[in-house]
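Written below as structure tokens is the structure these notes are about.
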Amino acid sequence: MVPLARALYVSETSRCSETATYATELNGSWVIGSIPQGGYSLGQIVEACIQFQLETVHKDPIHVTAHFLRSTNVGPAEVRVSVQKIGKNFTNLSADLVQGGHTRLTSHLIFGDLTPVSDGIPRSLAAPSPYARRLPLLNHPSAAVRDSMRRAWMFRSLLNWSMDHTILARNAERGQTRADVEIIGGGGAEWGAWCELTRAEDEIKPSSIPFLGDTFLNLPSLLPDSEPASHGTSDCWFPTVTMTVEFKARIPSSQDYASRTVGLYSESHFLTDPHGRHNAHVEVWTAPSAIGQGEIEVGWRDKQYCIAVVDQMALTLPMDLNHRQGSKNKVITKL
């Protein structure tokens, strides 16, 4: 099993002033069923673009929009990067992930500089402002207990998580609303967890964020048995069709934060035909400590900040389809 940071490795094979090509390998350690996880596949594009921008003033990924055109497969791939525009504050890139001569993912990325501005009028919201978003997880990771993951997630040994069961309980409370009470807005379900890379040599880096933002329980899996749309979801695959990632801040390097742990919070409100199409909004937060470690300090929650927000549209499909797609052009990984 290969740690995530290593599984995101890319190597430049050609370059000119405004284009470059990178070789990579979609590793079999990071698959759901037989298909590489969508966020992990997108992470290969982000990593290639970070390498492309390394010697520029716009080193930080700011925003990514991706369309998943075809399923990826375990094995070799290449990322093709092109400059669309270089401006004062942002650089716009396009990048495709190609396998077997076919474009599997196509994306548009915006790079800039996430260095905080220290002078002038502050243009951000942070604690103690009552308008600032706070960490939505209720419990400190030191008190967290590890939970099991879906059997189809083949990276289970490389990742731990502890779900916030208080958040899950709110879903059940929502379902107990009296039928004769008018509901305005509302609906959907929410989920949260502390999530941690298990290997000591692993690390969270910007190209890890799409994977982490794609690691959650989808809306159909959160519904109670009383909802017909929940039936059979244990044998379902939830492939991503589109994904956006907005990087809010750099990943912390201070020892005040855990290096391999993040907080995840998701909410989903819509589930529609055809194909059980549903949305997900995921927030990726810093963590004050690893799962089951550390001590609770006064004000620990206000010190945490959101690293990124990830939005996606996904489908609800049979897992059998996943295995059929994954058997096409499968190549044994070399990493």
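Across every non-hydrogen atom of Gly112 and Ile62, the tightest pair is N-CG1, 3.4 Å. The shortest non-hydrogen separation linking Ser34 to Val74 is O-CG2, 4.4 Å. The two residues Met319 and Cys236 come nearest to each other via the heavy atoms CE-O, 3.4 Å. When every heavy atom of Val79 is checked against every heavy atom of Gln44, the shortest pair comes out as CG2-O, 4.0 Å. Between Pro206 and Ile251, the closest heavy-atom pair is N-CD1, 3.3 Å. Across His269 and Gly186, no two heavy atoms sit closer than the pair CD2-O, 4.1 Å.
Counting heavy atoms from C-beta outward, Thr91 and Lys85 have side chains that stay 4.5 Å or more apart. Contact annotation: the side chain of Asn218 never approaches that of Ser268 to less than 4.5 Å [non-hydrogen atoms, C-beta and beyond]. Side-chain contact between Pro288 and Trp194: present, with at least one pair of heavy atoms (C-beta onward) separated by less than 4.5 Å. A heavy-atom distance below 4.5 Å is not found between the side chains of Arg123 and Val117. The shortest distance between side-chain heavy atoms of Asn92 and His108 falls below 4.5 Å. A heavy-atom distance below 4.5 Å is not found between the side chains of Asp235 and Thr233. In this structure the side chain of Asp60 reaches within 4.5 angstrom of the side chain of Arg250, judged on heavy atoms.
Asp256 pairs by the salt bridge (charged side-chain N to carboxylate O under 4.0 Å, His left out) definition with nothing, not counting sequence neighbours. Every residue meeting the salt bridge (charged side-chain N to carboxylate O under 4.0 Å, His left out) condition with Arg170, not counting sequence neighbours, appears here in chain and number order: Glu190. With sequence neighbours left out, the salt bridge (charged side-chain N to carboxylate O under 4.0 Å, His left out) criterion links Asp320 to no other residue. Shown here are the ring-ring contact (aromatic ring centres under 6.0 Å, His included) partners of Tyr257, two or more places apart in sequence or in another chain: Tyr305.
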Practice problem: Mind running side-chain contact (heavy atoms from CB on, under 4.5 Å) on Phe68 and Val241 for me, showing each step along the way? | Solution: CA-CA 5 Å; Phe68 294 72; Val241 180; 5.7 Å; no
Practice problem: Apply the test side-chain contact (heavy atoms from CB on, under 4.5 Å) to residues Leu264 and Val284: give CA-CA distance (whole Å), side-chain angles for both, the deciding distance (0.1 Å), then the verdict. | Solution: CA-CA 5 Å; Leu264 300 175; Val284 183; 3.9 Å; yes
Quiz item: Does the pair Thr13 and Thr21 meet the rule for a side chain to side chain donor-acceptor pair (under 3.5 Å), with working shown?
Solution: CA-CA 6 Å; Thr13 57; Thr21 301; 4.9 Å; no
Exercise. Begin from the C-alpha positions of Thr215 and Leu159 and carry the test side-chain contact (heavy atoms from CB on, under 4.5 Å) through to its verdict.
Key: CA-CA 10 Å; Thr215 303; Leu159 199 70; 3.9 Å; yes
Practice problem: Before giving the answer on side-chain contact (heavy atoms from CB on, under 4.5 Å), spell out for Leu271 and Leu223 the whole-Å C-alpha distance, their side-chain angles and the decisive distance to 0.1 Å. | Solution: CA-CA 11 Å; Leu271 175 62; Leu223 297 174; 4.0 Å; yes
Practice problem: Carefully, step by step, assess Tyr22 and Glu12 under the rule side chain to side chain donor-acceptor pair (under 3.5 Å). | Solution: CA-CA 4 Å; Tyr22 296 83; Glu12 185 178 285; 3.3 Å; yes
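Judged purely by atom type and a 3.5 angstrom limit, Asp96 has no side-chain atom pairing as donor or acceptor with the backbone of Val98. Put simply, the side chain of Thr261 never gets that close to the backbone of Ala258: no donor and acceptor are under 3.5 Å apart. Side-chain N or O atoms of Arg70 include none that pairs as donor or acceptor with a backbone N or O of Gln99 at under 3.5 Å. Side chain of Asp113 to backbone of Lys59: no donor-acceptor contact under 3.5 angstrom is found. Side-chain N or O atoms of Tyr265 include none that pairs as donor or acceptor with a backbone N or O of Trp285 at under 3.5 Å. Under a 3.5 Å cut-off, the side chain of Trp30 and the backbone N or O of Val2 do form a donor-acceptor pair. Counting only distance, with no hydrogens or angles, the side chain of Thr24 and the backbone of Tyr9 share a donor-acceptor pair below 3.5 Å. For Ser207 (side chain) and Glu47 (main-chain N/O), no donor-acceptor pair under 3.5 Å exists by modelled atom type. Although no hydrogens or angles enter the test, the distance criterion places a donor-acceptor pair under 3.5 Å between the side chain of Asp202 and the main chain of Ala5. Although no hydrogens or angles enter the test, the distance criterion places no donor-acceptor pair under 3.5 Å between the side chain of Thr103 and the main chain of Leu105.
In the hydrophobic clustering of this structure, Leu212 does not group with Val309; members are Ile, Leu, Val, Met, Phe, Trp, Tyr whose side-chain heavy atoms approach within less than 4.5 Å, directly or through other members. Residues Val262 and Leu158 share a hydrophobic cluster, clusters being chains of Ile/Leu/Val/Met/Phe/Trp/Tyr side chains in contact below 4.5 Å. Criterion: ILVMFWY side-chain heavy atoms under 4.5 Å apart, direct or through other members. Under it, Leu137 and Val310 are not part of a common hydrophobic cluster. Follow the hydrophobic side-chain contacts under 4.5 Å out from Ile296 and you reach Leu135 in the same cluster. Both Val46 and Phe90 are part of a single hydrophobic cluster, where members link through side-chain heavy atoms under 4.5 Å apart.
In this model, a donor atom of one side chain and an acceptor atom of the other lie less than 3.5 Å apart for His140 and Ser142. Neither side chain, Gln312 nor Asn279, offers a donor N or O lying under 3.5 Å from an acceptor on the other. Looking only at atom types and distance, the side chain of Gln37 has no donor-acceptor partner in the side chain of Thr240 under 3.5 Å away. Ser94 and Gln84 form a side-chain donor-acceptor contact under 3.5 Å, judged by distance and modelled atom types alone. Using a 3.5 Å distance cut-off with no hydrogens or angles, the side chains of Thr19 and Ser82 do not pair a donor with an acceptor. If you check the side chains of Arg6 and Asn27, you find no donor sitting under 3.5 Å from an acceptor.
Taking CG of Leu97 as the start and CG of Leu26 as the end, the distance is 5.5 Å to the nearest 0.5 Å. Put simply, CG on Leu69 and OG1 on Thr242 are 11.0 Å apart, with the number rounded to the nearest 0.5 Å. To the nearest 0.5 angstrom, Arg260 atom CZ is 5.5 Å from Glu196 atom CD. Here OG1 of Thr65 is found 8.0 Å from CG of Leu109. Values are rounded to the nearest 0.5 Å. Summarising the geometry, atom CG belonging to Asn171 is positioned 9.0 Å from atom CG belonging to Leu219; distances are rounded to the nearest 0.5 Å. One distance of note links NZ of Lys303 with OG1 of Thr286; it measures 11.0 Å at 0.5 Å rounding.
Remark: Arg15 qualifies as a cation-pi partner of Phe52 under the 6.0 Å distance and 45° angle criteria applied to the six-membered ring.
Residues in residues 219-252 take part in these ring pair (Phe, Tyr, Trp, His ring centres under 6.0 Å) pairs, two or more places apart or across chains: Phe238-His278. Residue pairs meeting the side chain to side chain donor-acceptor pair (under 3.5 Å) criterion with at least one member in residues 150-166, sequence neighbours excluded, are Asp147-His165.
A salt bridge links Glu201 with Arg199: at least one charged nitrogen is closer than 4.0 Å to a carboxylate oxygen.
Proximity of the aromatic rings of Phe211 and Phe155 is defined here by a centroid distance below 6.0 angstrom, and this criterion is met.
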